[in-house]
2 protein chains.
Amino acid sequence: MTDATKSTHVLQHQMESFEESCRAADLKLTHQRLEIYRELAKATDHPSAETLHKRLHQSMPTLSLDTVYRTLTTFEQHHLIKKVETVDSQAHYEAQMQQHHHLICDTCKEIMDFQWSSFDAVSVPEDILQWGAIKNKSITIYGTCRKCQALKEKKKLE
Amino acid sequence: MTDATKSTHVLQHQMESFEESCRAADLKLTHQRLEIYRELAKATDHPSAETLHKRLHQSMPTLSLDTVYRTLTTFEQHHLIKKVETVDSQAHYEAQMQQHHHLICDTCKEIMDFQWSSFDAVSVPEDILQWGAIKNKSITIYGTCRKCQALKEKKKLE
DNA sequence: TTGCAATTAAGAACAGTTCCTATTTACCTT
DNA sequence: AAGGTAAATAGGAACTGTTCTTAATTGCAA
Ligand SMILES: [Mn+2]
Ligand SMILES: [Mn+2]
Ligand SMILES: [Zn+2]
Ligand SMILES: [Zn+2]
């Protein structure tokens with residue numbers, strides 16, 4: 001997927017399996033839940049509740065910010081979405097549930113996904129096993145993205 | 001270091017290099033700054049501003065929470081400490097500046113340090129290099145720590 | 001010592017999130 | 001299809017974590 005948005009049929013499939021998960025979890029299929037999930041699923045960034053609320057406002061002018069927060073929390077509790085760990089004061093979310101890792105730009109704070117399957121395959125060092133039961137490991141890479149690097153170069157020349 | 005607290009002379013050395021860094025950065029060596037740094041440096045957990053404030057309250061009853069926040073922000077800006085990325089609403093800090101990684105317990109939320117030098121040594125996948133200038137990569141491992149596992153076992157038996 | 005810019009304490013303000021409650025809605029039962 | 005009911009929502013109040021404002025204090029250079 002090189003495009004900035006997901007193809008319609010991939011998203012449609014994701015929506016169907018989302019609806020199935022909701023029914024299985026006894027979550028009512030409200031318009032709000034469907035639209036919030038769809039908006040998050042089609043996002044390639046990792047939006048905050050406020051960002052999602054803004055994006056949905058045009059098509060759902062009465063949607064309350066509280067509903068966005070409450071709904072995201074519900075989804076997270078049912079493992080339908082994930083809260084992304086950041087250093088930011090706002091919480092960021094994603095519907096991407098497959099194993100993946102993050103690139104974070106220290107300048108624009110954009111969070112990008114990436115894969116590193118050879119890392120996913122290795123097991124953790126011996127001495128960590130005694131800490132407890134390990135469930136998951138993920139990488140965060142920090143740096144400056146191309147866009148922000150270019151901007152900095154420009155400013156230097158001025 | 002198997003002990004829960006650092007040996008006095010290691011901490012003393014860390015304090016000396018901290019004082020040097022402050023002078024180099026034109027930061028005045030106030031009692032508050034020294035004590036906040038010392039408290040963070042000797043901690044093996046990853047305390048929040050509020051936790052640090054509580055720990056310091058006995059010896060410094062007039063220390064304000066605002067000063068703790070302001071001081072931690074100042075230290076972070078001068079790369080004397082780090083803000084730890086978590087999914088938590090409170091910010092967590094550490095004085096440990098050497099490359100290391102984190103284990104986070106999903107139950108008690110405790111954050112533990114660990115080393116993985118063979119991972120530190122490998123370079124990132126080719127295609128990531130085109131994203132921008134990479135500065136650092138770190139791992140977060142999630143799971144349930146021994147203590148919390150034991151507690152859960154106990155509850156099951158009841 | 002003295003002078004002054006930097007720093008602090010205390011509380012007000014602010015930002016992000018959650019709670020309260022009256023109203024609405026999904027969906028189960030007829 | 002219609003009715004009943006528990007769950008979900010909107011809107012505003014409340015709460016929590018963090019930052020700002022300002023007057024008083026302090027570190028440190030002269
Ligand atoms: Mn992601
Ligand atoms: Mn650490
Ligand atoms: Zn950037
Ligand atoms: Zn634990």
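Naming convention: chains lettered A, B, ... in sequence-line order (proteins, then strands); numbering from 1 in each chain. Computed over heavy atoms, backbone and side chain alike; hydrogens, waters and symmetry mates excluded.
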Item to complete: Look at the side chain of B/T30 and decide which nucleotide, out of C/dT7, D/dT9, D/dG12, has an atom nearest to it.
Response: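 Selected nucleotide: C/dT7.
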
Exercise for the section: Go through D/dC20, C/dA6, D/dA8 for me and flag the one nearest to the B/K28 side chain. Expected result: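 Output: C/dA6.
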
If I take atom [atom1] in residue [X] and atom [atom2] in nucleotide [N], what distance separates them, rounded to the nearest angstrom?
| X | N | atom1 | atom2 | value |
| --- | --- | --- | --- | --- |
| B/K54 | D/dT16 | NZ | P | 12 Å |
| A/Q77 | C/dT18 | CD | P | 10 Å |
| A/L65 | D/dG12 | CG | C1' | 12 Å |
| B/Q32 | D/dT25 | CD | P | 13 Å |

Between [N] and [X], is there an OP1 or OP2 to side-chain N/O distance shorter than 4.0 Å?
| X | N | value |
| --- | --- | --- |
| A/T62 | D/dG11 | no |
| A/T67 | D/dT9 | no |
| A/R70 | D/dA8 | no |

- prompt: Only one of B/E94, B/H92, B/K83 clears side-chain hydrogen bond (donor to acceptor under 3.5 Å, both in side chains) with B/H46; which?
  reply: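 Only one option passes, and that is B/E94.
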
**OP:** Inspect the contact between B/R55 and B/D45 and indicate whether a charged nitrogen and a carboxylate oxygen are less than 4.0 angstrom apart.
**Re:**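 B/R55 and B/D45: salt-bridged.
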
message = Walk me through whether B/E76 and B/Y93 qualify under side-chain hydrogen bond (donor to acceptor under 3.5 Å, both in side chains).
response = CA-CA 9 Å; B/E76 204 209 348; B/Y93 296 87; 5.4 Å; no

query = Mapping B/E50 and A/D26 onto DNA chain D by nearest heavy atom, which one lands closer to the 5' end?
reply =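 Closer to the 5' end of DNA chain D: A/D26.
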
- [ ] Look at atom CE of B/M60 and say whether more than 12 heavy atoms of other residues, nucleotides or ligands are closer to it than 6.0 Å.
- [x]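 Counting neighbours around CE of B/M60, more than 12 heavy atoms of other residues, nucleotides or ligands fall under 6.0 Å, so yes.
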
